[in-house]
> 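So that we are looking at the same thing, I have put the structure below in structure tokens.
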Amino acid sequence: MANVRIAGTGMTAFGEHAGRTGRDLFAEAGIDALEDAQLDPDDIEELYYGNFMGELAEHQGHQAPLFAEAVGIDAPATRFEAACASGGTAVRAAVQAVRNGEADAVLVGGTERMTDMGTAGATDGLSIAADDLYEIKAGMTFPGAYALMASAYLDAYDADADDLAHIAVKNHDNAVVNEKAHFQSAITVEDALEAPRVASPLGLYDACPISDGAAAVVLTSESFAADHDLDAPVTVTGTGQGTDNLALQDRESLYRTPAAETAAETAYAEAGITAEDVDCAEVHDCFTIAEVLATESLGFFEPGEGLTAAKDGKTTRDGSIPVNLSGGLKAKGHPVGATGVAQIAELTKLLAGTHARSDALDDPSVGIAHNAGGTVATATVHVLERTTEVDA
Amino acid sequence: MSIEMRHNGYDNLLDAIEDGEGYYLACPEGHGSLPPRRVCPECGSRDLTDEPLPDAGEVVAATTVSVPGPQFADDAPYVTAIVDFGPVRLTGVVRGTDDEPGPGFVVGVDVEETATEGERVVTFRPR
Ligand SMILES: [Zn+2]
């Protein structure tokens with residue numbers, strides 16, 4: 001089985017790109033990743049591409065061949081759709097293709113164009129990640145679903161909803177130096193608590209923004225990296241994926257995410273690591289409560305203890321396990337199909353020591369990416385490790 | 001965006017709830033699920049029968065939605081809840097209460113219309 005190296009990363013800025021087409025966003029990120037890897041489009045043997053709602057956002061289906069063309073790639077191109085985990089599932093397929101020897105160099109990327117839809121349009125678009133019959137028709141919105149999870153969590157552990165604000169503050173603070181982030185501004189706990197509610201107990205600052213953007217990474221086999229003398233110090237050593245009932249109402253618990261637990265178990269076992277080995281993590285904080293559930297599913301904290309981790313300084317920059325040093329979805333932004341790939345791009349830089357927040361980490365070796373679809377009916381977890389330089 | 005079409009199974013259940021004859025699907029092991037289904041999601045049994053939906057259920061979790069999708073624009077703010085009827089849980093809009101109900105609050109199920117588009121929606125009212 002081939003080891004999988006990360007040879008290059010690329011991202012557009014996340015935020016509002018009014019009028020910019022998905023194909024143009026992806027071209028920017030894809031070319032950026034190829035240039036970072038110092039490879040040509042002709043070197044790429046497959047494109048794995050994540051996108052959630054291109055049909056609704058810009059009336060464009062069949063995006064993979066179109067977007068391959070936009071980057072100058074003439075190779076098999078396939079789109080993956082798993083709601084907000086579209087990018088993560090594309091990464092997983094790309095990792096498996098390189099491992100299996102089916103391809104030596106692949107581009108994996110994702111795009112979402114959302115802001116031109118407006119808040120109501122994007123809210124409607126995001127909702128189709130849920131069960132149309134038993135959730136959407138019953139009035140459940142995407143924030144509403146996470147609000148139910150938050151409400152159940154707070155009730156189960158008799159916990160304080162105000163603690164969620166510290167997660168938003170942490171992630172905004174991390175993003176201040178991230179020039180690709182949608183929000184590069186700090187907020188206070190008071191700002192978060194005083195903001196209007198979107199769906200109780202969640203307010204405006206508990207929710208990630210609606211963003212446009214694209215991300216791409218080049219994955220190669222270890223031998224390809226050596227043959228081409230690539231600077232690729234980070235290896236993908238574990239990949240895992242889990243599935244849960246789509247509708248929240250059908251789950252045993254509203255405040256646990258077993259799909260992520262399964263994904264983490266698989267990925268950790270492949271990499272031969274435990275949660276204690278992890279130096280930093282990029283997790284899917286589409287809402288503040290989602291970061292809590294993610295960090296518990298990843299084994300960083302016991303169930304019920306993830307809520308106060310940001311408040312207690314455990315997941316902040318000087319904490320024992322810094323989470324979302326990029327700013328997370330909360331502040332970096334969440335162009336849905338791009339998110340799972342962007343997490344890999346950010347982690348690669350964090351492990352390589354070239355990230356704007358690298359100073360928060362002391363010689364890190366293991367990073368985790370956790371990407372979730374819908375209310376975590378799909379979850380992917382990837383383990384990235386900094387390995388020795390490639391033998392030329 | 002709403003697409004006008006009938007969804008057999010789901011719409012049959014809403015018809016039945018409207019008539020006061022709600023039901024769920026039960027497998028021989030006693031697992032409950034909602035139509036349309038051919039397979040028990042819990043154990044894989046394909047031997048599913050209709051059983052009467054219990055008359056009342058308890059709120060599991062509730063939220064007051066202030067930012068709605070377009071189909072509920074004129075309904076907001078409204079309360080969405082997941083209600084446990086024993087063998088199955090249902091999601092719907094809570095009506096007839098002044099405050100957002102907490103866990104354990106007892107409700108019955110009905111089908112009413114949304115204020116926005118007059119679409120059928122599962123509703124819960126205090127019992
Ligand atoms: Zn069964």
Side-chain angles (χ1 to χ4, degrees), chain A residues 53 55-56 117-128 130-156 158 195-204 207 210 243-255 289 375, chain B residues 1-3 5 7-11 13-14 31-37 41-42 57 59-73 75-85 88-94 99-100 102-104 109 111 114-116 119-124:
Chain A
M53 54 173 172
E55 292 84 353
L56 299 178
M117 301 172 81
T119 302
T123 301
D124 190 36
L126 288 168
S127 75
I128 68 168
D131 184 330
D132 181 56
L133 301 180
Y134 285 105
E135 295 188 308
I136 303 176
K137 287 186 191 306
M140 187 188 279
T141 60
F142 192 43
Y146 272 93
L148 291 171
M149 296 163 89
S151 167
Y153 182 100
L154 297 169
D155 181 55
D158 195 21
R197 296 300 94 182
V198 174
S200 59
L202 304 180
L204 196 59
I210 292 161
T243 299
D244 201 351
N245 303 91
L246 188 72
L248 272 182
Q249 65 184 26
D250 294 331
R251 297 188 196 161
E252 203 171 314
S253 164
L254 298 185
Y255 52 91
I289 184 67
T375 49
Chain B
M1 186 196 66
S2 64
I3 302 171
M5 66 170 91
H7 300 281
N8 289 340
Y10 167 79
D11 277 314
L13 174 60
L14 263 56
H31 304 130
S33 59
L34 296 166
R37 281 198 190 269
E42 194 75 22
V59 168
V60 177
T63 176
T64 303
V65 177
S66 308
V67 180
Q71 300 90 330
F72 285 82
D75 290 80
Y78 61 93
V79 174
T80 293
I82 292 176
V83 173
D84 189 352
F85 287 89
V88 287
R89 291 173 170 186
L90 276 168
T91 307
V93 173
V94 180
D99 298 314
E100 181 182 300
V109 64
V111 173
T114 63
T116 311
E119 293 286 337
R120 295 207 292 181
V121 61
V122 172
T123 56
F124 305 120

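Chain identifiers are assigned alphabetically (A, B, ...) following the order of the sequence lines, protein sequences preceding nucleic acid strands; residue numbering begins at 1 within each chain.
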> Indicate the ring-plane relationship of B/F85 and B/F124, choosing parallel, tilted or perpendicular according to the 30° and 60° boundaries.
tilted
> Is chain A contacted by the side chain of B/F72, its backbone, both, or neither, given a heavy-atom distance below 4.5 Å?
side chain
> How many angstroms lie between CD1 in A/I210 and OG1 in A/T119, if you round to the nearest 0.5 Å?
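That separation rounds to 4.5 Å.
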> When only pairs under 4.5 Å are counted, which of A/G139, A/G125, A/G121, A/A120 shares the most heavy-atom pairs with chain B?
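Most heavy-atom pairs under 4.5 Å with chain B: A/G139.
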> Can you measure from CG (B/D84) to CG (B/L90) and round to the nearest 0.5 angstrom?
10.0 Å
> Relative to chain B, which segment of A/D131 carries a heavy atom at a distance below 4.5 Å: side chain, backbone, both, or neither?
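For A/D131, no heavy atom lies under 4.5 Å from chain B.
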> Under 4.5 Å from any heavy atom of chain A, what part of B/L13 do you find: side chain, backbone, both or neither?
side chain
> Dump the intermediate steps for side-chain hydrogen bond (donor to acceptor under 3.5 Å, both in side chains) on B/R120 and B/T114, then the final yes or no.
CA-CA 6 Å; B/R120 295 207 292 181; B/T114 63; over 6 Å; no
> Donor-acceptor pair, A/S253 side chain versus A/Y255 backbone, under 3.5 Å?
yes
> Side chain, backbone, both or neither: which part of B/P68 has a heavy atom under 4.5 Å from chain A?
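For B/P68, backbone heavy atoms alone lie under 4.5 Å from chain A.
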> As an exercise: rank B/S66, B/A81, B/G69, B/P77 by heavy-atom pairs under 4.5 Å with chain A and give me the winner.
B/S66
> By a 4.5 Å heavy-atom criterion (distance strictly below it), what part of A/L248 contacts chain B: side chain, backbone, both, or neither?
both
> Please rank A/M140, A/Q249, A/R197 by heavy-atom pairs under 4.5 Å with chain B and give me the top one.
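Looking at each of A/M140, A/Q249, A/R197 in turn, A/Q249 comes out on top.
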> Strictly below 4.0 Å, N to O, side chains only: are B/R89 and A/D250 in salt-bridge contact?
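No, this pair does not count.
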> Considering only heavy atoms, which portion of A/L133 lies under 4.5 Å from any heavy atom of chain B: side chain, backbone, both, or neither?
both
> By a 4.5 Å heavy-atom criterion (distance strictly below it), what part of B/V83 contacts chain A: side chain, backbone, both, or neither?
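Contact with chain A is absent: no heavy atom of B/V83 under 4.5 Å.
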> Are a donor atom and an acceptor atom from the side chains of A/S200 and B/E100 found within less than 3.5 Å of each other?
yes
